[in-house]
Amino acid sequence: MSEVTQLIHQYLRHNKKFPHVLCPGCGHGIAMGSIVRSVHAQGWSKDDVVVVAGIGCSGRIAVYMDFNTVHTTHGRALTFATGIKMAKPEMHVIVIMGDGDALSIGGNHLIHAARKNIGLTAIILNNNIYGMTGGQCSSTTPTGDFSMTTPYGQLEKSFDIVELARAAGANFVARGTAFHAQQLDRIMTTAFGRPGFNLVEVFTPCHTQYGRKNKFKNPVEMYKHISKTTMPLEAWSKLEPEKRAERTPVGVFVERDEPGLEERYMEMKKKLLGSAQ
Amino acid sequence: MSKKKGSTQVTIFPDWCKGCGICAAFCPGKVMIVDQTGKAKVVREEECINCGFCELHCPDFAIMVSPKNGAPERDAAQDDGPAAPAPAPEAAPAPTAPVPKAAASKAKAQKTAAKKAPAKKAAQRDPNKKA
């Protein structure tokens, strides 16, 4: 297995300060490794990959990876990525966002990027909380869970990212977890090789902010919790409806093969140029 | 490499380890512990079955499981890891950072050439050097 760590070290920027700033045991590091392995599995050159990240813990990932990277403003990672993809359709664009970044501040951009079906892969690292800014509840904090701003429990319902993206028209929607790294690798490798808007939600534990308010004393307990509360989609769909609420399905939910916006744009351009001559 | 006990060497880069304890908690052979200094430490290397869990799940990329001297190479068919559909690792784009490139290519050359070369040299590489 020694090739795994060696491979990741090849894709890191060694002029940055390591170890990285993420908390000990943070799942973002595992997701970062998964992105590196999936890009490598596609066989893409580093120069052909653009990583766009927003603000938050997930934003730091773009800093450490040795691709063309943009660290953008809060919630606007998808808008920057749309511009990059339309200007340079040959580039492979990967957008890394947190749950607050993608669904609260940039929620509008997410649904419209999915509607436009722009050809990029959006990776949403969902840790159920605003980790970097001090543990405020986010739009994905489950009902009844505690956070810095909901000391008596969250009253609101949380977003289901998969259902949201499915309804908005994304080409590919999948969910993985940081605990199931091999499955996450498979999902990401599939997503990177597909046309149109691909969305991958990744459950990553935040024990520093979410865990300490919800009786998870260390990262290991959070990983055990993730392992206990998730199950493959195939097994989940066979469960009785009343038991389904206890588990979260993990796997590939939507696979459509519609051409991306940039492909349709190039076609239109060709057609218009042809009619002008 | 086969999943046989004792045919692997587990290396931890202490400078990169933050002591989160994931490797120690989920290792099926209980190879590692988190010691008093707050870093992971290899205590029962002979129990390692080369499952690769620690290497895939280390958030800080601080663990490397490598074949011991003279151990047979892992079959491609057995390798259910992510790199399975990948092209040959040599085809990977050249890394810009000089330190890991040298170390990684050296390690690969050693591995592919005769599998005699000590993996230790490659293991004691970059993470100890902070830029």
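What's counted below: heavy atoms across the whole structure, side chains too, no hydrogens, waters or symmetry copies. In this text the structure is predicted, and so the values were computed from the model without any measurement.
Taking 4.5 Å as the limit, some side-chain heavy atom of A:Leu12 sits within range of a side-chain heavy atom of B:Phe61. B:Met64 is not listed as a side-chain neighbour of A:His9, based on a closest heavy-atom distance of 4.5 Å or more. A:Asp185 is listed as a side-chain neighbour of B:Leu56, based on a closest heavy-atom distance under 4.5 Å.
Listed in order of number, the residues of residues 21-32 of chain B that approach chain A to under 4.5 Å between heavy atoms are B:Gly21, B:Ile22, B:Ala25, B:Phe26.
Judged by distance alone, the side chain of B:Lys18 and the main-chain N or O of A:Pro19 form no donor-acceptor pair under 3.5 Å.
Remark: A:Met32 CE to B:Asp60 CG distance equals 9.0 Å, nearest 0.5 Å. For the atom pair A:Phe179 CZ and B:Phe53 CZ, the distance stands at 4.0 Å (nearest 0.5 Å). Here the straight-line distance linking atom CG of A:Leu22 with atom SG of B:Cys20 works out to 11.5 Å at 0.5 Å rounding.
No more than 12 heavy atoms of other residues, nucleotides or ligands sit less than 6.0 Å from atom CD of B:Gln36. Under a cut-off of 6.0 angstrom, the local environment of NZ in B:Lys39 is crowded, with over 12 non-hydrogen atoms contributed by other residues, nucleotides or ligands.
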Worked verdict on A:Thr5 versus B:Phe13 for side-chain contact (heavy atoms from CB on, under 4.5 Å): CA-CA 11 Å; A:Thr5 302; B:Phe13 310 127; 4.3 Å; yes

Could you give me the CA-CA distance, side-chain angles and deciding distance for A:Gln182 and B:His57, then say whether side-chain contact (heavy atoms from CB on, under 4.5 Å) is met? CA-CA 10 Å; A:Gln182 290 193 351; B:His57 289 80; over 6 Å; no

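In this structure, no portion of A:Ala31 lies under 4.5 Å from any heavy atom of chain B.
Top candidate by heavy-atom pairs under 4.5 Å with chain A, chosen from B:Pro59, B:Ala62, B:Gly19, is B:Pro59. By number of non-hydrogen pairs under 4.5 angstrom with chain B, the leading residue of A:Ser34, A:Gly25, A:Gly33 is A:Gly25.
When all heavy atoms of B:Trp16 and A:His14 are compared, the pair lying nearest together is CH2-CE1, 4.1 Å.
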